[in-house]
Amino acid sequence: MMIKGGIRIGGLGISGFDADAAAYFERAGVTDATAKNQINAFVKGVKDLGLWSNTIYWPLRSAQNAGTGTTAYSLSGLGTFNGTFAGTPNPTWGADGIVCTNTDSRIDLPDSVSIYGARSGMAVFKTSRTAVQAPFEIQANTDQTGYYFVMGYSGSAANGYAGPRFLITRNSTFGFNQSTSRTIYSGTFQSAQITADNTSDNVFQNGSIAVSGAQTGLSSINPIGARNVRAMFYRTDDIVGAFASLSTTKWTNQQVSDLNALYKTTLGTGLGLP
């Protein structure tokens, strides 16, 4: 067995923790015993699902991350993709997740092929707002040459749809794929997942398929553009974001269901998820 830096013994960290979980504890400054057990179980679970090396996770409940400061540490086999609190005011840490109280509040993400090349995503959050919100928004902004990855909802008829909806867009032009939508819950925690490739996209609520199939406007999986906006939990003044995840592969429906179930019983314990 090899001991390195006092935390790794073979595939295990101190006290029998998974080595990658133990490294995250040290990096993010996680000290809460319950949170450590939850994170450890989650890491082992996603490795069993084959979703470690191709996926980035951001546990955003204060005990499961730094809980102070402006860095949201990432948990991933792909590398390090820490987010940075931004906007006026910045998000704040909370026991159930980061809290955004202004439409400019957000977590900015690094400019990386693993971010703008996402094929799947998941967010766990609570909101009562019925206007535009975006758990994920990765797009070119001012030059309007395309949305790379958008997961959001809106009640704005001006955007071509009424009522709060989830949507995924991978357009080579600046626009929404209106047909991929689903009404959200209001005022309680929920999870949402999206998957996409060149010809089809799927929307899930709480791990179950909601909308699927071939869609229009998916001609470019990576449209050109500067990717000036790379943010989580953006354009909202009423949201608690407990968790976010992006993957460079398109998850199967079974993987979405399994990941949702794993989150509920580990990192999501106590949120009252359906």
Side-chain angles (χ1 to χ4, degrees), residues 32 34-35 38-39 42 56-68 70 72-75 83 85-109 120-137 149-156 161 163-168 181-194 203-211 231-246 256-257 259-274:
D32 183 86
T34 299
Q38 292 168 340
I39 294 165
F42 180 78
I56 311 162
Y57 304 99
W58 293 273
L60 295 172
R61 302 174 75 177
S62 58
Q64 297 171 354
N65 208 300
T68 187
T70 58
Y73 290 89
S74 66
L75 180 62
F85 287 14
T88 306
N90 280 183
T92 57
W93 292 102
D96 289 339
I98 61 105
V99 181
C100 295
T101 58
N102 186 282
T103 56
D104 187 45
S105 301
R106 65 191 187 275
I107 298 177
D108 283 342
L109 300 175
S120 305
M122 175 175 172
V124 178
F125 62 97
K126 176 176 70 174
T127 183
S128 298
R129 195 170 188 258
T130 57
V132 175
Q133 300 196 57
F136 286 109
E137 185 167 335
F149 193 90
V150 175
M151 178 184 187
Y153 74 89
S154 173
S156 172
Y161 45 87
R165 307 282 177 172
F166 284 115
L167 60 119
I168 164 100
S181 59
R182 186 66 176 175
T183 303
I184 69 156
Y185 298 103
S186 179
T188 59
F189 275 100
Q190 62 192 291
S191 72
Q193 301 84 14
I194 50 181
V203 175
F204 304 78
Q205 277 188 300
N206 300 307
S208 298
I209 191 73
V211 182
M232 300 188 298
F233 301 108
Y234 189 29
R235 304 190 190 280
T236 176
D237 56 10
D238 171 31
I239 203 165
V240 180
F243 175 81
S245 176
L246 288 174
V256 169
S257 178
L259 180 60
N260 181 73
L262 175 66
Y263 179 83
K264 283 176 61 176
T265 58
T266 55
L267 300 179
T269 301
L271 294 180
L273 288 163

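Each residue takes its place number in the sequence, starting with 1.
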Derivation of the side-chain contact (heavy atoms from CB on, under 4.5 Å) call for Thr188 and Gln190: CA-CA 6 Å; Thr188 59; Gln190 62 192 291; 5.6 Å; no
Student check: side-chain heavy atoms of Trp58 and Ile98 closer than 4.5 Å: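 Not touching, per the 4.5 Å side-chain cut-off.
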Side-chain heavy-atom pair Val240, Phe125 within 4.5 angstrom cut-off: no
Minimal non-hydrogen separation, [X] against [Y], with atom names:
{"X": "Ser62", "Y": "Trp93", "value": "CA-CE3, 4.0 Å"}
{"X": "Pro91", "Y": "Arg106", "value": "CG-O, 3.3 Å"}
{"X": "Val124", "Y": "Ser191", "value": "CG2-CB, 3.9 Å"}
{"X": "Ala231", "Y": "Asp108", "value": "CB-OD1, 4.0 Å"}

Quick one: does any side-chain atom of [X] pair with a main-chain N or O of [Y] as donor and acceptor, under 3.5 Å?
{"X": "Gln193", "Y": "Gly207", "value": "yes"}
{"X": "Thr103", "Y": "Asp237", "value": "no"}
{"X": "Ser245", "Y": "Ile56", "value": "yes"}
{"X": "Lys264", "Y": "Pro274", "value": "yes"}
{"X": "Asn65", "Y": "Leu60", "value": "no"}
{"X": "Arg61", "Y": "Ala95", "value": "yes"}

Evaluation steps, side-chain contact (heavy atoms from CB on, under 4.5 Å), between Leu259 and Phe42: CA-CA 9 Å; Leu259 180 60; Phe42 180 78; 4.1 Å; yes
Gap between atom [atom2] of [Y] and atom [atom1] of [X] - 0.5 Å precision:
{"X": "Asn260", "Y": "Met122", "atom1": "CG", "atom2": "CE", "result": "5.0 Å"}
{"X": "Phe189", "Y": "Asp96", "atom1": "CZ", "atom2": "CG", "result": "4.5 Å"}
{"X": "Thr266", "Y": "Ile39", "atom1": "OG1", "atom2": "CD1", "result": "9.5 Å"}
{"X": "Thr269", "Y": "Gln64", "atom1": "OG1", "atom2": "CD", "result": "8.5 Å"}
{"X": "Ser105", "Y": "Phe233", "atom1": "OG", "atom2": "CZ", "result": "13.0 Å"}
{"X": "Asp104", "Y": "Asn90", "atom1": "CG", "atom2": "CG", "result": "9.0 Å"}

Working for side-chain contact (heavy atoms from CB on, under 4.5 Å), residues Leu271 and Tyr263: CA-CA 11 Å; Leu271 294 180; Tyr263 179 83; 3.6 Å; yes
